[in-house]
Amino acid sequence: MDQNAGGLEQEKARRLSAVEALRESGTNPYPYRFDRSHTLGDIRTAHGDIEPGTETEVNVDVAGRIMLKRDQGKLIFATLQDRSDNIQLFVSKAVVGDDAFDAINALDLGDWVGVSGTVMTTRKGELSIKVSSLQLLSKAVRPLPDKWHGLTDTDTRYRQRYADLIGNEESRRMFAVRHAVIASFRRTLHDRGFIEVETPVLHMEAGGAHARPFLTHHNALDMQLYLRIALELHLKRLIVGGMERVFEIGRVFRNEGISTRHNPEFTMMELYQAFADYTDIMDLTELLFVNAAVDATGSSVVTIDDLPVDLSKPWRRVRMVDLVTEATGVTVHPSQPREDLVALAEKHGVKVEKHHGPGKIIEELFEHLCESSLREPTFVTGHPVEISPLAREDRNDPHLTERFELFVGGRELANAYSELNDPVVQRARFEDEQKQKEAGNAEAGTVDEDFLRALEFGMPPTGGLGIGMDRLVMLIGGAASIRDVILFPTLRPEVF
RNA sequence: GCGCCUUUAGCUCAGUCGGUAGAGCAACGGACUUUUAAUCCGCAGGUCCUGGGUUCGAGCCCCAGAGGGCGCACCA
């Protein structure tokens, strides 16, 4: 061993030489498989209530990782962890024999083992497995993080998620919540006749939202492609095709800043329902959220800013123009002269760009003055036409659209419209976007001719919805950062 | 991009006024047949993020840079 090596190198060398010693003695330190009869959770469910000091005749074969070891001379207590639970192993030298006892004593924290034994409880009542034989299933050659604190350094937790998951129960719980939320969405939507589809990630045009895209290149076609920024335009093509109720849960990519609420790749759920409008979609959104919370946590109550909020109560519905009017004390509407709105924005310290029209200025005012105060679930409706190129005009007000964004805890979680299905109006909206793009608005869209061709075949009246799944999991799971709900968040490259 | 904070053993963290680098856990050697983060005795383990600078002397002070966190900006 290199005398100058650090503690980690010494430890790895020791464990690797243990691996070699096992091989020389005829034991494979990395065997191929193991037959498990029960998970540890199964055993706790079936036997969790037996009296202290009980020895049963129940034989079990379990497998997991050694997390803790308490050497007691001629007894060893070890904590075994599998995906479902932890259970104590009780190893007696008198039961397993000297050689097996020494081999078990030589196990390191982090090793995977398969165990045969009987279910028992100790005198103090701890449910345990009395080991009759134990087989190494995989040798860990790198030591585990601190057995009590786990990993706490956020950078290391995100970069080495494997080590985070081994030691941090809270991290495992968060990803269980994530799974439960997504499974709940699928169940709710399948029950209502929606079918799940997959549409392209590689797009010719980065449409369906306002965001800067990632660029890539296809070699064989020698063509520039974009990673999708939204699912919308392909799903609506399927509504044109008569599929009537479709949804997709998929990764989208936006080439923008990273924060506690933004990751460059994130998961969006979008659905489209023929013959529905945005009010139907509000009801469906409430149902999806409540079902997801109940399925993931057993309760429709979530915690927002340390206060409980019951998602099952009806959510506030309020127009964006009314919120801005309330916040400024001045009635606003996109039909007003731009100069009046510019003056109001400046009065409130809101920066106005040259390409901002009245509708965009109202939205800027909303974002700066209203958004962060929307703690309880709120459907903000009636976005100006100017900022909603894919939403249809409000049936009562030609300057607004039938649209809502859902805010919870000051964060946008969902966006929905009565979908624009008039191909002539849609073309005019796209052409307006194209002009803005040429005028220097990098986020403005372009004219998607194929989508327009689809609309020309006739899209039924349709309600559509997009939900940021990561943010929803944050809400239901109680995570402060989006990185806590994404297994491998985007980080700068690590220097090795 | 800007501001504040942060980076010390494998992990979790101390480190005073600028004076030879510390603890707990993990590891290693030993004791222990009912432990629960076992306990007890002993031992080993360091690029103090990197590079400059000031100083007789820098983990500590100064400058520059890197990683990370939070806030702002950006993000309909």
Side-chain angles (χ1 to χ4, degrees), chain A residues 1 3-15 18 52-53 67-79 86 88-95 101 106 108-110 120-128 130 140-160 163 166-167 208-212 229-230 254-264 266 320 351 356 359-360 362-364 366-368 371 380 383-384 386-391 401 403 405 411-412 415 433 441-445 466 468 480-481 483 491-495:
Chain A
M1 195 185 296
Q3 290 303 306
N4 295 320
L8 176 61
E9 291 309 311
Q10 280 180 28
E11 176 64 5
K12 284 168 68 176
R14 184 189 67 75
R15 294 191 187 204
M67 296 301 292
L68 295 171
K69 225 171 65 173
R70 296 177 288 281
D71 173 9
Q72 182 64 44
K74 296 193 175 76
L75 287 180
I76 300 167
F77 299 92
T79 302
N86 296 322
Q88 175 168 272
L89 300 180
F90 177 97
V91 185
S92 164
K93 194 166 192 169
V95 171
F101 191 81
D108 287 300
L109 303 189
M120 61 167 279
T121 50
T122 62
R123 288 174 200 165
K124 296 257 176 72
E126 179 75 28
L127 182 66
S128 305
K130 186 172 184 179
V141 299
R142 181 181 286 265
L144 292 182
D146 190 282
K147 71 180 182 184
W148 182 243
H149 301 93
L151 278 179
T152 63
D153 182 74
T154 50
D155 184 33
T156 311
R157 286 184 50 230
Y158 300 145
R159 288 186 195 281
Q160 301 180 34
I166 291 169
H210 286 166
R212 296 163 73 158
I229 58 173
R254 296 186 181 178
N255 204 340
E256 282 155 3
I258 294 177
S259 78
T260 51
R261 294 170 293 282
H262 300 85
N263 196 65
F266 62 102
M320 178 181 282
K351 218 190 326 180
H356 290 176
K360 177 68 179 170
I362 289 170
E363 186 194 34
E364 291 284 325
F366 164 75
E367 286 181 2
H368 284 85
E371 186 175 310
V380 176
H383 298 58
E386 177 191 338
I387 56 166
S388 311
L390 300 166
T401 56
R403 173 178 180 184
E405 287 181 303
R411 292 184 199 129
E412 181 196 341
N415 184 22
E433 288 271 300
N441 181 355
E443 284 147 18
S481 169
R483 293 184 204 97
L491 299 168
R492 283 194 171 80
E494 184 176 3
V495 178

Test side-chain contact (heavy atoms from CB on, under 4.5 Å) on A:Leu68 and A:Gln88 and set out the steps. CA-CA 9 Å; A:Leu68 295 171; A:Gln88 175 168 272; over 6 Å; no
Can you tell me how far C1' in B:C11 sits from the matching atom in B:A37, rounded to whole Å?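 That atom pair is separated by 14 Å.
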Give me the distance, rounded to whole Å, that separates B:C61 from B:A23 when you measure between the C1' atoms they each carry.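 Result for the C1' pair: 26 Å, nearest Å.
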When you check the phosphate oxygens OP1 and OP2 of [N], does a side-chain N or O of [X] lie under 4.0 Å from one of them?
{"X": "A:Arg483", "N": "B:G68", "result": "no"}
{"X": "A:Arg157", "N": "B:G68", "result": "no"}
{"X": "A:Arg492", "N": "B:G68", "result": "yes"}

Please check if the number of heavy atoms outside A:Arg212 that lie under 6.0 Å from its CZ is greater than 12.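 Incorrect, the count does not exceed 12.
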Whether A:Arg403 side chain and A:Asn415 backbone form a donor-acceptor pair below 3.5 Å: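 Flag not set: sc A:Arg403 to bb A:Asn415 has no pair under 3.5 Å.
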Side chain of A:Arg254, backbone of A:Ile229: donor and acceptor closer than 3.5 Å?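 A pair under 3.5 Å: yes.
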[N] [atom2] sits how many Å from [X] [atom1], rounded?
{"X": "A:Asn263", "N": "B:G69", "atom1": "CG", "atom2": "P", "answer": "11 Å"}
{"X": "A:Lys360", "N": "B:C74", "atom1": "NZ", "atom2": "C1'", "answer": "11 Å"}
{"X": "A:Glu367", "N": "B:C72", "atom1": "CD", "atom2": "P", "answer": "14 Å"}
{"X": "A:Glu371", "N": "B:C74", "atom1": "CD", "atom2": "P", "answer": "12 Å"}
{"X": "A:Leu127", "N": "B:U36", "atom1": "CG", "atom2": "C1'", "answer": "13 Å"}
{"X": "A:Asn86", "N": "B:U36", "atom1": "CG", "atom2": "P", "answer": "17 Å"}
{"X": "A:Ile76", "N": "B:U39", "atom1": "CD1", "atom2": "P", "answer": "17 Å"}
{"X": "A:Ile166", "N": "B:A37", "atom1": "CD1", "atom2": "P", "answer": "20 Å"}

What's touching nucleotides 13-15 of chain B from the protein side, N or O pairs under 3.5 Å?
from: B:C13; atom 1: OP1; to: A:Thr152; atom 2: OG1; distance (Å): 3.3
from: B:C13; atom 1: OP2; to: A:Thr152; atom 2: OG1; distance (Å): 3.4

How does RNA chain B read in dot-bracket, base by base from 5' to 3', with Watson-Crick or G-U pairs under 3.5 Å and | used when the partner is on another strand? (((((((..((((.....[..))))..((((.......))))......(((((..]....))))))))))))....
Would you indicate what [X] reaches in the nucleic acid, counting non-hydrogen atoms under 4.0 angstrom: base, sugar-phosphate, or nothing?
{"X": "A:Gln88", "answer": "base"}
{"X": "A:Leu68", "answer": "sugar-phosphate"}
{"X": "A:Gly150", "answer": "sugar-phosphate"}
{"X": "A:Arg159", "answer": "sugar-phosphate"}

Along RNA chain B (nearest heavy atom to each residue), the more 5'-positioned of A:Pro493 and A:His149: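 Its nearest nucleotide being more 5', the pick is A:His149.
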Position toward the 5' end of RNA chain B (nearest nucleotide), A:Ser259 or A:Arg254: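 Checking each residue's closest nucleotide, the 5'-ward one belongs to A:Ser259.
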A:Pro264: partners by side chain to side chain contact (heavy atoms under 4.5 Å, CB included), with sequence neighbours left out: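 For A:Pro264 the side chain to side chain contact (heavy atoms under 4.5 Å, CB included) partners, ignoring immediate neighbours, are A:Phe214, A:Ile258, A:Thr490.
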Could you tell me whether the side chain of A:Arg70 reaches within less than 4.5 Å of the side chain of A:Thr79, counting heavy atoms only?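 Yes, at least one pair of side-chain atoms sits under 4.5 Å.
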Taking salt bridge (Lys or Arg N to Asp or Glu O under 4.0 Å) as the definition, give me every residue that meets it alongside A:Glu364, ordered by chain and number, with sequence neighbours left out.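 Counting only residues at least two positions away or on another chain, A:Glu364 forms a salt bridge (Lys or Arg N to Asp or Glu O under 4.0 Å) with A:Lys360.
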Please write out the pairs of protein N or O atoms and N or O atoms of nucleotides 30-34 of chain B separated by less than 3.5 Å, giving the distance to one decimal.
from: B:C32; atom 1: N3; to: A:Gly73; atom 2: N; distance (Å): 3.4
from: B:C32; atom 1: N4; to: A:Asp71; atom 2: OD1; distance (Å): 3.4
from: B:C32; atom 1: N4; to: A:Asp71; atom 2: OD2; distance (Å): 3.1
from: B:U33; atom 1: OP2; to: A:Lys74; atom 2: N; distance (Å): 3.3
from: B:U34; atom 1: O2; to: A:Arg123; atom 2: N; distance (Å): 3.3

What's the closest nucleotide to the side chain of A:Thr260 if the choices are B:C70, B:A38, B:G69?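 Within the option list, the nearest is B:C70.
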The side chain of A:Arg261 is closest to which nucleotide in this list: B:U36, B:G67, B:C72?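 For the A:Arg261 side chain, the nearest candidate turns out to be B:C72.
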Between A:His383 and A:Glu363, does any side-chain donor sit less than 3.5 Å from a side-chain acceptor?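 Looking only at side-chain atoms, A:Glu363 and A:His383 do not form any donor-acceptor pair under 3.5 Å.
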Rounded distance [0.5 Å steps], [atom1] in [X] versus [atom2] in [Y]:
{"X": "A:Ile76", "Y": "A:Lys93", "atom1": "CD1", "atom2": "NZ", "value": "9.0 Å"}
{"X": "A:Leu491", "Y": "A:Thr154", "atom1": "CG", "atom2": "OG1", "value": "9.5 Å"}
{"X": "A:Leu127", "Y": "A:Phe90", "atom1": "CG", "atom2": "CZ", "value": "13.0 Å"}

Below 3.5 Å is the cut-off: list the nitrogen or oxygen pairs between protein and nucleotides 25-29 of chain B, distance only.
from: B:C25; atom 1: O3'; to: A:Lys147; atom 2: NZ; distance (Å): 3.1
from: B:A26; atom 1: OP1; to: A:Lys147; atom 2: NZ; distance (Å): 2.6
from: B:A27; atom 1: O3'; to: A:Arg14; atom 2: NE; distance (Å): 3.2
from: B:A27; atom 1: O3'; to: A:Arg14; atom 2: NH2; distance (Å): 3.1
from: B:A27; atom 1: O2'; to: A:Glu11; atom 2: OE1; distance (Å): 2.7
from: B:A27; atom 1: O2'; to: A:Arg14; atom 2: NE; distance (Å): 3.1
from: B:C28; atom 1: OP1; to: A:Arg14; atom 2: NH1; distance (Å): 2.9

